[in-house]
Amino acid sequence: MLHLKNIEKVYRTDTVETLALKNINLDVAKGEFLSVMGPSGCGKSTLLNIMGLLDGPSKGEVRVGGQATARMGDKQLAHFRNKSIGFIFQSYHLIGDLRVLDNAELPLLYRAMSARERRALAGEALGRVGLANRVKHFPTQLSGGQKQRVAIARAIVGKPDIILADEPTGNLDSVMGGEIMDILLDLNRTEGTTIVMVTHDESMARRTHRLVRLFDGSQVQ
Ligand code: ADP
Ligand code: ADP
């Protein structure tokens with residue numbers, strides 16, 4: 001589902017050059033749940049951004065769902081990303097002045113679909129994460145765990161093949177974090193969604209199929 005070959009990423013500014021990823025070779029199979037661990041600054045977010053086609057590698061090849069991405073233009077990339085990939089972040093990134101249902105609908109705004117269909121799919125996704133009774137709330141009226149569940153609903157509303165999660169439980173206590181993990185594991189098992197999750201929590205990583213460790217831009221396990 002995800003194929004990274006000889007990936008190198010260099011960040012360049014006027015004064016400094018940072019080699020953020022070195023010779024990464026990684027395949028994530030369809031239906032796999034992979035976790036990525038490593039110390040701060042080792043390249044985890046960079047790796048996830050490259051997998052998610054938010055940023056391109058400096059060298060190497062990225063294939064997503066069998067498709068080569070190097071020659072795609074920005075518009076084609078955005079369309080492909082919207083269709084294939086759902087994103088979840090540590091800090092939720094919900095829009096504060098939109099209600100829960102409207103937040104969950106956001107990825108569908110780019111699709112040819114009626115407002116009614118969008119609402120139905122968003123309602124279904126919110127039901128899936130146990131928030132059917134919070135659709136009219138605003139994000140500030142929710143707990144951290146509930147906000148992350150809205151973010152998961154938004155990530156799955158377009159039925160993506162892949163979910164990329166950057167420390168999804170990082171701001172949550174262990175009980176709420178465990179609930180978020182339960183939802184991700186259930187999506188992986190029942191929908192076959194491929195998931196890549198960055199985490200600092202060994203106990204969360206142990207619940208996934210495979211763990212990749214990064215150190216200073218290189219894969220060490
Ligand atoms: P992690 O997610 O593991 O904390 P990152 O992928 O964010 O690590 O960063 C890897 C390295 O790349 C770090 O040394 C960081 O300082 C550098 N880096 C990340 N983003 C940028 C950027 N936009 N410009 C320059 N350097 C960056
Ligand atoms: P933090 O660890 O500080 O909470 P996040 O997990 O929120 O960071 O964000 C991780 C990365 O994803 C960052 O590089 C950020 O720029 C990027 N990002 C955040 N929100 C979005 C978004 N809505 N769409 C695309 N990229 C985003």
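All residue numbers in this chain count up from 1 along the given sequence.
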Inset, instruction - Start with the C-alpha distance between Asn188 and Thr194, add both sets of side-chain angles, then the distance that settles side chain to side chain contact (heavy atoms under 4.5 Å, CB included), and finish with yes or no. - result: CA-CA 6 Å; Asn188 172 255; Thr194 306; over 6 Å; no
Inset, instruction - Take Leu4 and Leu47 through the side chain to side chain contact (heavy atoms under 4.5 Å, CB included) test and state the conclusion after the steps. - result: CA-CA 10 Å; Leu4 303 187; Leu47 181 70; 3.5 Å; yes
Legend entry - side chain to side chain contact (heavy atoms under 4.5 Å, CB included) assessment of Leu164 paired with Asn49: CA-CA 9 Å; Leu164 300 178; Asn49 288 345; over 6 Å; no
Inset, instruction - Look up atom CG in Leu172 and atom CD1 in Ile180, then write down how far apart they are to the nearest 0.5 Å. - result: 6.0 Å
Inset, instruction - Not counting sequence neighbours, which residues clear side-chain hydrogen bond (donor to acceptor under 3.5 Å, both in side chains) with Ser203? List them please. - result: Asp201
Inset, instruction - Compare all side-chain heavy atoms of Ser143 with those of Met176 and state whether any distance is below 4.5 angstrom. - result: yes
Legend entry - Result of checking Asp166, Leu214, Val212 against Val198 for side chain to side chain contact (heavy atoms under 4.5 Å, CB included): Asp166
Legend entry - All salt bridge (charged side-chain N to carboxylate O under 4.0 Å, His left out) counterparts of Arg189, not counting sequence neighbours: none
Inset, instruction - Measure the shortest side-chain to side-chain distance between Leu94 and Arg154 over non-hydrogen atoms and say whether it is less than 4.5 angstrom. - result: yes
Legend entry - Connected hydrophobic set around Phe138, excluding itself, where side chains approach under 4.5 Å: none
Inset, instruction - Locate the shortest heavy-atom distance separating Ile95 from Asn103; write the atom from each residue and the value. - result: N-OD1, 2.7 Å
Inset, instruction - Give every residue pair that meets the side chain to side chain donor-acceptor pair (under 3.5 Å) criterion with at least one member in residues 65-89, sequence neighbours excluded. - result: Asn82-Arg111
Legend entry - Pairwise side-chain contact, Lys136 with Val100, heavy-atom cut-off 4.5 Å (strictly under): no
Inset, instruction - Write down the atom of Phe80, the atom of Val64, and the distance for their closest heavy-atom approach. - result: CZ-O, 3.5 Å
Inset, instruction - Report yes if some heavy atom in the side chain of Thr208 is under 4.5 Å from a heavy atom in the side chain of Met197; otherwise report no. - result: yes
Legend entry - Cluster companions of Leu211 among Ile, Leu, Val, Met, Phe, Trp, Tyr (side-chain spacing under 4.5 Å): Met37
Legend entry - Evaluation steps, side chain to side chain donor-acceptor pair (under 3.5 Å), between Ser58 and Tyr11: CA-CA 9 Å; Ser58 308; Tyr11 291 108; over 6 Å; no
Inset, instruction - Tell me whether Ile163 is reachable from Leu185 by hopping between hydrophobic residues (I, L, V, M, F, W, Y) whose side-chain heavy atoms are closer than 4.5 Å. - result: yes
Inset, instruction - Could you tell me the separation between the CG atom of Leu26 and the CG atom of Leu34, rounded to the nearest 0.5 Å? - result: 6.0 Å
Inset, instruction - Would you give the length of the straight line joining atom OG1 of Thr140 to atom NE2 of His137, rounded to the nearest 0.5 angstrom? - result: 9.5 Å
Legend entry - Distance (rounded to the nearest 0.5 Å) between Asn23 CG and Glu8 CD: 8.0 Å
Legend entry - Main-chain N/O of Pro168 paired to Gln148 side chain as donor or acceptor, under 3.5 Å: yes
Legend entry - Backbone of Val16 reached by a side-chain donor or acceptor of Thr13 within 3.5 Å: yes
Inset, instruction - Using a cut-off of 6.0 Å, state whether more than 12 heavy atoms not belonging to Lys22 lie near its atom NZ. - result: yes
Legend entry - Other cluster members, Leu121 - Ile/Leu/Val/Met/Phe/Trp/Tyr, side-chain contacts below 4.5 Å: Leu108, Met113, Val157
Legend entry - Note, His200 side chain near Lys44 side chain (heavy atom, < 4.5 Å): yes
Legend entry - Derivation of the side chain to side chain contact (heavy atoms under 4.5 Å, CB included) call for Ile7 and Lys59: CA-CA 6 Å; Ile7 297 296; Lys59 281 188 198 156; over 6 Å; no
Inset, instruction - Measure the spacing between CG of Leu106 and OH of Tyr110 and express it to the nearest 0.5 Å. - result: 7.5 Å
Legend entry - Student check: side-chain heavy atoms of Val135 and Arg99 closer than 4.5 Å: no
Inset, instruction - Of all the heavy-atom pairs spanning Ala125 and Ile156, show the shortest one and how long it is. - result: CB-CG1, 4.1 Å
Inset, instruction - Taking His209 for its side chain and Glu32 for its backbone only, find out whether a donor-acceptor pair lies under 3.5 Å. - result: no
Legend entry - Nearest atoms (heavy-atom pairs only) where Leu142 meets Lys147: O-CE, 3.4 Å
Legend entry - ILVMFWY cluster, Leu98 and Leu109 together (side-chain gap under 4.5 Å): yes
Inset, instruction - Could you tell me how the ring of Phe89 sits relative to the ring of His93: parallel (under 30°), tilted (30 to 60°) or perpendicular (over 60°)? - result: perpendicular
Legend entry - Any Val62 side-chain heavy atom under 4.5 Å of Ile50 side chain: yes
Legend entry - Partners passing salt bridge (charged side-chain N to carboxylate O under 4.0 Å, His left out) against Arg12 (at least two apart in sequence or in another chain): Glu17
Legend entry - Residues that Asp27 engages under salt bridge (charged side-chain N to carboxylate O under 4.0 Å, His left out), provided they are two or more places apart: none
Legend entry - Electrostatic pair Glu105-Arg119, nearest N-O below 4.0 angstrom: no
Inset, instruction - For Thr193 and Pro160, work out which heavy atoms get closest and say how close. - result: CG2-O, 4.0 Å
Inset, instruction - Could you go through the salt bridge (Lys or Arg N to Asp or Glu O under 4.0 Å) check for Glu202 and Arg213 one step at a time? - result: CA-CA 11 Å; Glu202 295 271 358; Arg213 284 185 201 273; 3.4 Å; yes
Inset, instruction - Please assess Glu61 against Arg63 for the test salt bridge (Lys or Arg N to Asp or Glu O under 4.0 Å), listing each intermediate value before the final yes or no. - result: CA-CA 7 Å; Glu61 187 191 334; Arg63 297 177 77 89; 3.4 Å; yes
Legend entry - With sequence neighbours excluded, residues passing salt bridge (charged side-chain N to carboxylate O under 4.0 Å, His left out) with Glu117: none
Legend entry - Qualifying side chain to side chain donor-acceptor pair (under 3.5 Å) pairs with a residue from residues 177-186, counting only residues at least two apart or across chains: Arg128-Asp186, Asp182-Arg207
Inset, instruction - Provide the closest heavy-atom pair for Gln146 versus Leu131 in the form atom of the first, atom of the second, distance. - result: O-CD1, 3.5 Å
Inset, instruction - Mind checking the CD1-CE spacing from Ile195 to Met1? Nearest 0.5 Å is all I need. - result: 12.0 Å
Inset, instruction - Flag yes if Leu77 and Leu48 sit in one hydrophobic cluster, no otherwise; membership is Ile, Leu, Val, Met, Phe, Trp, Tyr, and two members link when side-chain heavy atoms are under 4.5 Å apart. - result: yes
Legend entry - Flag side-chain contact, heavy atom, 4.5 Å: Tyr92 against Pro139: no
Inset, instruction - Tell me, please, which residues at least two apart from Asn6 pass side-chain hydrogen bond (donor to acceptor under 3.5 Å, both in side chains). - result: Asn25
Inset, instruction - Could you identify which residues cluster with Leu19, counting Ile, Leu, Val, Met, Phe, Trp and Tyr as linked when any side-chain heavy atoms lie under 4.5 Å apart, either directly or through a chain of such contacts? - result: Val10
